[in-house]
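We use all heavy atoms of the structure for the numbers below, so side chains are in, but hydrogens, waters and symmetry mates are not. Counting begins at 1 with the first residue of the sequence. Predicted, not measured: the structure shown is a model, and the values here were computed from it.
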Amino acid sequence: MPAKTIPVDQAVGMVLPHDVTEIRPAGADSGSFKGPAFKKGHIIRPEDVEHLRRLGKERIYILTLDDGEIHENEAARLMADAMAGEGVVSSGRPSEGKLSLLAVHDGLLKVNIEALYRFNLLGEVMCATLHDNTPVSKGEQVAATRLIPLIAGRLLVEKAAAIARDAGGLLQVRQMRAARAGLVITGSEVFHGRIKDSFEPVLREKLAKLGSKVVKVAFAPDDARLIAAEITACIKEEEADLIITSGGMSVDPDDVTRAGIVEAGATDICYGTPVLPGAMFLTGRIGQVPVLGLPACGMFHRITVFDLILPRVLCGEIITREDLARLGHGGLCRNCKSCQYPVCGFGK
């Protein structure tokens, strides 16, 4: 900590060693405000004394740093540079000792949770992030970091930066590829025109929002052989590099979509998730082509496990049973009257 302070009325002409924050609640004459009333480096004037007192500043630090000490602004820059991985950049100049980290482009935020824990365990440093696997937009704040005291030991900050740097950065924003999706809508009731399909428009919209497009929509009855044939045609004839099937994933004896996916040559299949809605969801691969089997819940719920997994697949992740098992914590949708996803706890 700084070694010496001086009464504010004796500090005229001194340089402030840190930002001084002001918080004003909303009132009749003005809106609310929180931010620096005086910036680091400001030279204190006689007319500033009463303002500083209103902010609770009766004394001002006289800043002297030993060789082994570091100021909050320098610390924030060192830590932010170390924790910013691919697709992440710092906001530039610290404000009130804090630096924000921003997404360079649209994508999926990846957080090294274990390294973040070890970083924050040091105590005098902090980094707060959005949740891992959150879709983010270009320029969006994904994290913020600062030194908690005004001054700390340089070795502590260097240790914190080393944790982030050795992890390859605490944060990345991965871009999603533009997939060529083949949709295979299953169910004899849809195939024979007894009911109208509701999956196609929903899936088209979700894919388009992530920069992907539908290259073929195929319909198949409850026949594993015919389902497999349509999946194969999407890949071989339309060069689809993502297959999404809809319906036919439950325990009903007529639901044979899963068997059709297997017959089409899928491997690395994981069927079933600890997520509601979406317990009967399936992931797999046919060669290098990901296959996602969406149960009927996709028609009735705006957000399901499909929305948690699709961005990860578009980032090139191979989804494992371990990945799905981890979704149980936070995997219960609250079915809010007005859905705010992804600004909610679902999948977090």
Mind checking side-chain hydrogen bond (donor to acceptor under 3.5 Å, both in side chains) for Ser198 and listing every partner two or more places apart, or none if nothing turns up?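 With sequence neighbours excluded, Ser198 shows a side-chain hydrogen bond (donor to acceptor under 3.5 Å, both in side chains) to no residue whatsoever.
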
Salt-bridge contact [X]-[Y] (side-chain N to carboxylate O under 4.0 Å):
X      : Y      : answer
Glu317 : Arg312 : yes
Glu72  : Lys98  : no
Asp241 : Arg177 : yes
Glu50  : Arg54  : no

Does a sphere of radius 6.0 Å around CD in Glu47 hold more than 12 heavy atoms from other residues, nucleotides or ligands, not counting ones at 6.0 Å or beyond?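 Check passes, neighbour count above 12.
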
Give a yes or no on this: more than 12 heavy atoms of other residues, nucleotides or ligands lie within 6.0 Å of atom NZ of Lys39.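 Correct, the count exceeds 12.
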
Considering non-hydrogen atoms only, spot the tightest contact between Ala181 and Leu207 and give its length.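 Closest approach of Ala181 to Leu207, heavy atoms only: CB-CD1, 3.7 Å.
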
Can you name the closest pair of heavy atoms from Ala224 and Val256 and give their distance?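 In this case the closest contact between Ala224 and Val256 is N-CG2, 3.7 Å.
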
Using only heavy-atom distances, determine whether the side chains of Thr257 and Thr245 contain a donor-acceptor pair under 3.5 Å.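 There is no such pair between these side chains.
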
Flag for Glu230-Thr232: side-chain donor and acceptor within less than 3.5 Å: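 Side chains of Thr232 and Glu230: no pair found under 3.5 Å.
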
Verify the cluster assignment for [X] and [Y]: are they in a single hydrophobic cluster under the rule of side-chain heavy atoms below 4.5 Å apart?
X      : Y      : answer
Phe281 : Val313 : yes
Leu171 : Met176 : no
Ile6   : Leu16  : yes

Less than 4.5 Å apart, any side-chain heavy atom of Asp106 and any of Val136?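 No, too far: nothing below the 4.5 Å cut-off.
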
Checking Arg180 now: which residues fulfil salt bridge (charged side-chain N to carboxylate O under 4.0 Å, His left out) with it, not counting sequence neighbours?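 Not a single residue meets the salt bridge (charged side-chain N to carboxylate O under 4.0 Å, His left out) criterion with Arg180.
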
Candidate pair Glu200 and Arg204, rule salt bridge (Lys or Arg N to Asp or Glu O under 4.0 Å), full reasoning: CA-CA 6 Å; Glu200 180 185 344; Arg204 278 189 181 275; 2.9 Å; yes

Residues in ring pair (Phe, Tyr, Trp, His ring centres under 6.0 Å) with Phe38, at least two apart?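 Ring pair (Phe, Tyr, Trp, His ring centres under 6.0 Å) list for Phe38, sorted by chain: His42, His51.
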
Using the side-chain contact (heavy atoms from CB on, under 4.5 Å) definition, which of the options Val202, Leu282, Leu183, Thr304 pairs with Leu294?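 Single side-chain contact (heavy atoms from CB on, under 4.5 Å) partner of Leu294 among Val202, Leu282, Leu183, Thr304: Thr304.
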
Keeping Ser246 on the side-chain end and Phe199 on the backbone end, is there a donor-acceptor pair under 3.5 Å?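 A pair under 3.5 Å: no.
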
Using only atom types and a distance under 3.5 Å, with no angle test, would you say the side chain of Ser212 pairs donor to acceptor with the backbone of Ala179?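 Yes; at least one donor-acceptor contact below 3.5 Å.
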
Is there a salt bridge (Lys or Arg N to Asp or Glu O under 4.0 Å) between Arg77 and Glu74? Walk through the geometry before answering. CA-CA 5 Å; Arg77 284 191 292 268; Glu74 183 185 358; over 6 Å; no

